[in-house]
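Let me begin by presenting the structure, written as structure tokens, before commenting on it.
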Amino acid sequence: MTLWFVFALMTVAAIFAVLWPLSRRGRADTGGSEVVVYRDQLAEIDRDMAAGIIGAAEADAARVEISRRLLAAADQGGREAPVQGSLNLRRTAAIIGLVGLPVIASSFYLALGSPRLGDFPLAERGRVADANQPLANLVAQVEAHLEKNPTDGRGWTVLAPVLSRLGRYDDAVRAYRNAITYAGDSADRRADLGEALMGTAGGVVTADAKAEFERAVALNGDDAKANYFLGLAAEQDGRKADAASLWQKMLAKAPADAPWRPLVQAALVRVGGSSPGGVSAPALPDSAVAAARDMSEADRGTMIKGMVDRLATRLKANGDDVEGWLRLVRAYLVMGERDKAMSALADARQAVANDADRLRQLNEGLKNLGLDG
């Protein structure tokens with residue numbers, strides 16, 4: 001309030017400095033003073049002539065000159081009278097400027113400004129986000145900002161995925177909902193919200209999460225994340241054929257360099273589906289698949305099981321073959337033997353634990369299979 005009072009005084013002082021000269025009465029006493037002087041001079045001429053100092057002719061000449069000056073002075077005083085008559089108008093203009101300008105300025109500020117906006121301390125203005133400080137500190141700063149500005153849709157949009165990466169799924173769900181409310185609805189935001197809801201449920205596609213994925217697909221039928229998780233929901237419900245059908249459609253429409261293709265292909269392997277070309281996802285070499293086409297179902301199963309067993313035996317003797325381990329894990333998943341797949345995964349990690357490059361390659365391959373790398 002003190003600052004506003006000082007500003008008001010400064011405004012009044014500036015207006016007075018401009019308008020005060022306009023409100024003052026101009027000095028018009030020059031003509032009046034000259035008339036008095038000339039009259040005194042006429043009286044003095046009469047006294048000098050009576051005393052015999054000047055003659056009658058000289059007195060007449062002096063009277064004529066002084067009378068001429070007297071008439072000129074009187075005429076000048078008459079012309080200044082109208083100027084004096086505008087004094088009331090100038091004072092009215094001064095009052096309007098003194099009162100009207102602050103009123104007009106205040107009206108504009110109340111309409112266009114932010115009189116209730118809190119102050120921003122100088123220390124906060126000079127504070128720049130340090131890229132080296134912990135992510136948790138940066139998140140805390142953004143959260144503090146959003147507490148004061150809860151309708152900042154851009155802030156919620158930035159914060160939500162960071163909270164998901166930090167594993168704060170409940171907070172991420174709230175952030176995504178606020179982003180949708182204040183930044184607008186979109187397929188990406190709905191899909192991200194569904195994924196955060198899955199995080200709160202430990203990776204299970206709950207009814208709420210599925211509803212968000214369905215809303216995302218309604219907004220964009222080609223949204224990859226939403227379609228993939230809808231397929232995962234079908235798989236978790238035991239509807240593997242539906243999951244495979246959905247993922248096959250995704251692959252059929254996807255570009256060859258789509259970054260999510262390996263993940264969807266691994267998911268197809270997991271549910272025993274086939275790629276869009278109609279060829280089974282190869283858990284074994286293509287030659288073995290071709291040889292098995294003419295066999296009966298029982299013989300084909302026996303042959304595949306024997307090949308998988310031989311692959312497992314070879315890898316136990318020589319565990320450096322990362323591709324072999326990935327092929328073994330994939331084969332067990334196709335055969336529906338998830339326990340053996342997880343056991344093979346553990347053996348693979350143990351075999352390449354001392355080789356950083358092979359371990360990284362193994363983890364990336366496991367991620368492509370939809371397993372935790």
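Just the heavy atoms: all of them, side chains too, but no hydrogens, waters or symmetry mates, feed the values below.
Between the Trp247 side chain and the Gln265 main chain, no donor and acceptor come within less than 3.5 Å of each other. Without hydrogens or angle criteria, Gln236 side chain to Val205 main chain gives a donor-acceptor distance under 3.5 Å. With hydrogens and angles disregarded, a donor-acceptor distance shorter than 3.5 Å links the side chain of Asn220 to the backbone of Asp222. Between the side chain of Ser245 and the backbone N or O of Ala241, no donor-acceptor pair lies under 3.5 Å.
Both Met342 and Val329 belong to a single network of hydrophobic side chains, linked directly or stepwise wherever heavy atoms of I, L, V, M, F, W or Y lie under 4.5 Å apart. Cluster annotation: Leu230 and Leu268 are assigned to the same hydrophobic cluster (Ile/Leu/Val/Met/Phe/Trp/Tyr, side-chain heavy-atom contacts under 4.5 Å, transitive). Tyr228 and Leu219 fall into different hydrophobic clusters, where Ile, Leu, Val, Met, Phe, Trp and Tyr residues are linked whenever their side-chain heavy atoms come under 4.5 Å apart, directly or through other members. Tyr169 is not connected to Leu193 by any chain of hydrophobic side-chain contacts under 4.5 Å among Ile, Leu, Val, Met, Phe, Trp and Tyr, and they are in different clusters. Clustering ILVMFWY residues whenever any of their side-chain heavy atoms sit less than 4.5 angstrom apart, transitively, puts Leu326 in the very cluster that holds Leu345.
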Given the rule in the side chain to side chain contact (heavy atoms under 4.5 Å, CB included) test, do Met250 and Arg261 qualify, once you have shown the distances and angles that lead to the verdict? CA-CA 9 Å; Met250 288 181 64; Arg261 284 188 71 94; over 6 Å; no
Evaluate the criterion salt bridge (charged side-chain N to carboxylate O under 4.0 Å, His left out) for residue pair Arg327 and Glu323; output intermediate values, then yes/no. CA-CA 6 Å; Arg327 194 161 60 248; Glu323 289 297 330; 5.7 Å; no
Should Asp320 and Arg358 be marked as a side chain to side chain contact (heavy atoms under 4.5 Å, CB included) after you check the CA-CA gap, both sets of side-chain angles, and the distance that decides it? CA-CA 8 Å; Asp320 292 338; Arg358 284 192 171 90; 3.9 Å; yes
Could you walk me through whether Asp321 and Arg314 pass the side chain to side chain contact (heavy atoms under 4.5 Å, CB included) test, one step at a time? CA-CA 10 Å; Asp321 184 3; Arg314 178 174 67 79; 3.3 Å; yes
Met198 and Leu232: CA distance, side-chain angles, deciding distance, side chain to side chain contact (heavy atoms under 4.5 Å, CB included) verdict: CA-CA 11 Å; Met198 285 179 57; Leu232 185 62; 4.0 Å; yes
Acceptor/donor pairs from residues 155-168 side chains to any protein atom, 3.5 angstrom cut, sequence neighbours excluded:
from: Trp156; atom 1: NE1; to: Pro150; atom 2: O; distance (Å): 2.9
from: Thr157; atom 1: OG1; to: Gly153; atom 2: O; distance (Å): 2.8
from: Arg168; atom 1: NE; to: Asp171; atom 2: OD2; distance (Å): 3.0
from: Arg168; atom 1: NH2; to: Glu143; atom 2: OE2; distance (Å): 2.6
from: Arg168; atom 1: NH2; to: Asp171; atom 2: OD2; distance (Å): 2.8

Ignoring hydrogens and angles, write down the donor-acceptor pairs under 3.5 Å from the side chains of residues 209-217, residues two or more places apart or on other chains.
from: Glu212; atom 1: OE1; to: Arg190; atom 2: NH1; distance (Å): 2.9
from: Glu212; atom 1: OE2; to: Arg215; atom 2: NH1; distance (Å): 2.8

Donor-acceptor contacts under 3.5 Å from residues 174-182 side chains, at least two apart:
from: Asn178; atom 1: ND2; to: Arg174; atom 2: O; distance (Å): 3.4
from: Thr181; atom 1: OG1; to: Arg177; atom 2: O; distance (Å): 2.9

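For Leu311 against Gly324, the heavy-atom pair with the smallest separation is CD2-O, 3.8 Å. Annotation for Ala234 and Asp242: closest pair CB-CB, 4.1 Å, computed over non-hydrogen atoms. Between Gly319 and Trp325, the closest heavy-atom pair is O-NE1, 3.0 Å. For the pair Gly221 and Asn227, the tightest heavy-atom approach, listed with the atom from each and the gap, is O-ND2, 3.0 Å. Ala243 and Gly231 get closest at one heavy-atom pair: CB-O, 3.2 Å.
Listed by first then second residue, pairs satisfying salt bridge (charged side-chain N to carboxylate O under 4.0 Å, His left out) with a partner in residues 149-159 number zero, not counting sequence neighbours.
Residues satisfying the side-chain contact (heavy atoms from CB on, under 4.5 Å) test with Ala140, not counting sequence neighbours, are none. Scored by the side-chain contact (heavy atoms from CB on, under 4.5 Å) test, Glu195 finds Asp192, Lys225, Phe229 as partners (sequence neighbours excluded).
For Asp339, the CG atom is loosely surrounded, since the number of other residues' heavy atoms within 6.0 Å does not exceed 12.
With values rounded to the nearest 0.5 angstrom, Leu146 atom CG is found 12.0 Å from Gln141 atom CD. Note that CG of Asp208 and OG1 of Thr200 are 8.5 Å apart. Values are rounded to the nearest 0.5 Å.
Side-chain contact between Leu359 and Asp355 is absent, with no heavy-atom pair separated by less than 4.5 Å.
Classification of Arg239 and Glu235 as a salt-bridged pair fails, no side-chain N sitting under 4.0 Å from a carboxylate O.
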